[in-house]
**Q** 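The structure under discussion is supplied below as structure tokens; questions concerning it will follow.
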Amino acid sequence: MVNAQKFIEEAVEEIKVAAADGHVVMALSGGVDSSVCAALAARAIGDRLIPIYVDTGLMRKNESARIKQLFGSINLKTVDASAGFFDSLKGIIDPEEKRKAIGERFIRIFEHEAKETGAVYLLQGTIYPDRIESEGGIKSHHNVGGMPLDIRFKGVIEPLRDLYKDEVRVVAGALGLPPEIQHRMPFPGPGLAVRVLGEVTPEKVAIVREANHIVEEELIEIYSPWQCFAALIGLGTGVKGDVRLHGWIVSVRAVNSRDGMTADPLRLPYETLDRIASRITSEIPGVARVVYDVTPKPPATIEYE
Ligand code: XMP
């Protein structure tokens, strides 16, 4: 386990040296990784740090309002880029292509912001498991392998590159970040796009966003899973009233894990699953069926793409 104080001193020093001569942009998502990065960089370079929240249109329910509330006091810049992200995702079915399209758009936004603000460095909250999975060719995490090669920054700084998620949480505590951030569930960089199998559209994302919200409401407080969410995995038949219809199939996932490299599904009580299924099918029009995924990682991954 990491020695948090020592890590903080070394990371602050590293950022000071790596970004000695310019401004630094970073994507602040409100997750524990990017929040820790921002806190370290703020200590290292003060207001030469330019944190940017990109509203991709692929975020969780109420996320934009939450970020503005949490980080409103620092110099946070918000960019509403949802139309552009949906445009980039149009017609893409392959999961790797999706990640690349999202990574590419992210980087272009940051290059644009860098130009506007004069920043020459990019700070990223990449952690150790992100690198391993990207280097091992399992999938490109949008903040690593998805990055287009013609990136136009003078340098990319990744102070958390050797840490596991639980170590990042310890550092978050030592930095004095609010418990809400310290204990927040992981959320993938490409957002809800990897929770919609097949082509991503605003309509599908709206459905999966509501389903995610219901799963979080039903599970987080009572079971404290390492991660839980819903994904839109296909279409099937259903019946509403007397009418047979085609409706979405939502899969619910709730797992415990140390670091995301392996994971075990929660053995949820039937009543809980029953309530989640009733809520999702009654509160979200167009959903005909809810299933619970009991597959560990391996052989499945945690996310669906
Ligand atoms: P998988 O699906 O690979 O996920 O078992 C392991 C953990 O990583 C998260 N994840 C991502 N995080 N960018 C990220 O920052 C990504 O592209 C990405 N893909 C998966 C996932 O939510 C889980 O916690």
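Note that the numbering runs from 1 along the sequence shown for the chain. Read the numbers this way: they start at 1 and go in the same order the structure lists the ligands and their atoms.
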**Q** Check this for me - ligand 1, I302, N or O atoms closer than 3.5 angstrom, yes or no?
**A**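 Yes: some nitrogen or oxygen of I302 is under 3.5 Å from one in ligand 1.
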**Q** When you compare ligand 1 with Q227, is there at least one nitrogen or oxygen pair between them that comes in under 3.5 angstrom?
**A**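 The answer is yes, given that Q227 and ligand 1 share an N or O pair closer than 3.5 Å.
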**Q** Under 4.0 Å from a heavy atom of R99: give me the atoms of ligand 1 that qualify, with their elements.
**A**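 Near R99, the atoms of ligand 1 are 16 (C), 17 (O), 18 (C), 19 (N).
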**Q** Applying salt bridge (charged side-chain N to carboxylate O under 4.0 Å, His left out), name anything that partners R161, two or more places apart in sequence or on another chain.
**A**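 With sequence neighbours excluded, R161 shows a salt bridge (charged side-chain N to carboxylate O under 4.0 Å, His left out) to E14, given in chain and number order.
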**Q** With atoms numbered from 1 as shown, which atoms in ligand 1 lie under 4.0 angstrom from a non-hydrogen atom of T301?
**A**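 Contacts of ligand 1 toward T301, numbered from 1: 1 (P), 2 (O), 5 (O).
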**Q** Would you say R48's side chain and V24's backbone share a donor-acceptor pair under 3.5 angstrom?
**A**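 Judged by distance alone, no pair lies under 3.5 Å.
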**Q** If we check side-chain contact (heavy atoms from CB on, under 4.5 Å) with R108, which of these qualifies: H112, E104, R105?
**A**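 Passing option: E104.
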**Q** Any side-chain heavy atom of L235 within less than 4.5 Å of one from W248?
**A**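 A side-chain contact exists here, since the closest heavy-atom pair is under 4.5 Å.
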**Q** Taking only heavy atoms of G260 into account, list the atoms of ligand 1 that are under 4.0 Å away from them.
**A**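 Per the distance check, 6 (C).
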**Q** Quick one: does ligand 1 sit under 4.0 Å from the side chain of Y304, the backbone, both or neither, non-hydrogen atoms only?
**A**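 For Y304, no heavy atom sits under 4.0 Å from ligand 1.
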**Q** Provide the number and element of each atom of ligand 1 under 4.0 Å from a heavy atom of G189.
**A**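 Answer for ligand 1: 12 (N), 13 (N), 14 (C), 15 (O), 16 (C).
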**Q** At under 4.0 Å between heavy atoms, which part of P188 makes contact with ligand 1: side chain, backbone, both or neither?
**A**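 The part of P188 near ligand 1 is both the backbone and the side chain.
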**Q** Examine distances only and state if a side-chain atom of K297 and a backbone atom of P265 form a donor-acceptor pair shorter than 3.5 Å.
**A**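 A pair under 3.5 Å: no.
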**Q** Which atoms of ligand 1 have any heavy atom of K297 under 4.0 Å away?
**A**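 Here the atoms of ligand 1 in question are 1 (P), 3 (O), 5 (O), 6 (C).
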**Q** Counting from 1, what ligand 1 atoms have a heavy atom of W226 closer than 4.0 Å?
**A**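 Those atoms are 24 (O).
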**Q** Check this for me: D21, atom CG, are more than 12 non-hydrogen atoms of other residues, nucleotides or ligands nearer than 6.0 Å?
**A**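 Yes - once you tally the heavy atoms of other residues, nucleotides and ligands closer than 6.0 Å, there are more than 12.
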**Q** Determine whether more than 12 heavy atoms belonging to other residues, nucleotides or ligands lie under 6.0 Å from atom CZ of R244.
**A**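 For R244, atom CZ is not crowded (no more than 12 foreign heavy atoms under 6.0 Å).
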**Q** Check whether any side-chain N or O of K98 sits under 3.5 Å from a backbone N or O of V194 as a donor-acceptor pair, and report yes or no.
**A**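 Here the side-chain-to-backbone pair does not exist.
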**Q** Hey, which atoms in ligand 1 end up nearer than 4.0 Å to a heavy atom of P186?
**A**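 Those of ligand 1 that fall under 4.0 Å from P186 are 24 (O).
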**Q** I want to know if ligand 1 touches E303 in the polar sense, i.e. an N/O pair below 3.5 angstrom.
**A**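 N/O-N/O distance below 3.5 Å exists for this pair.
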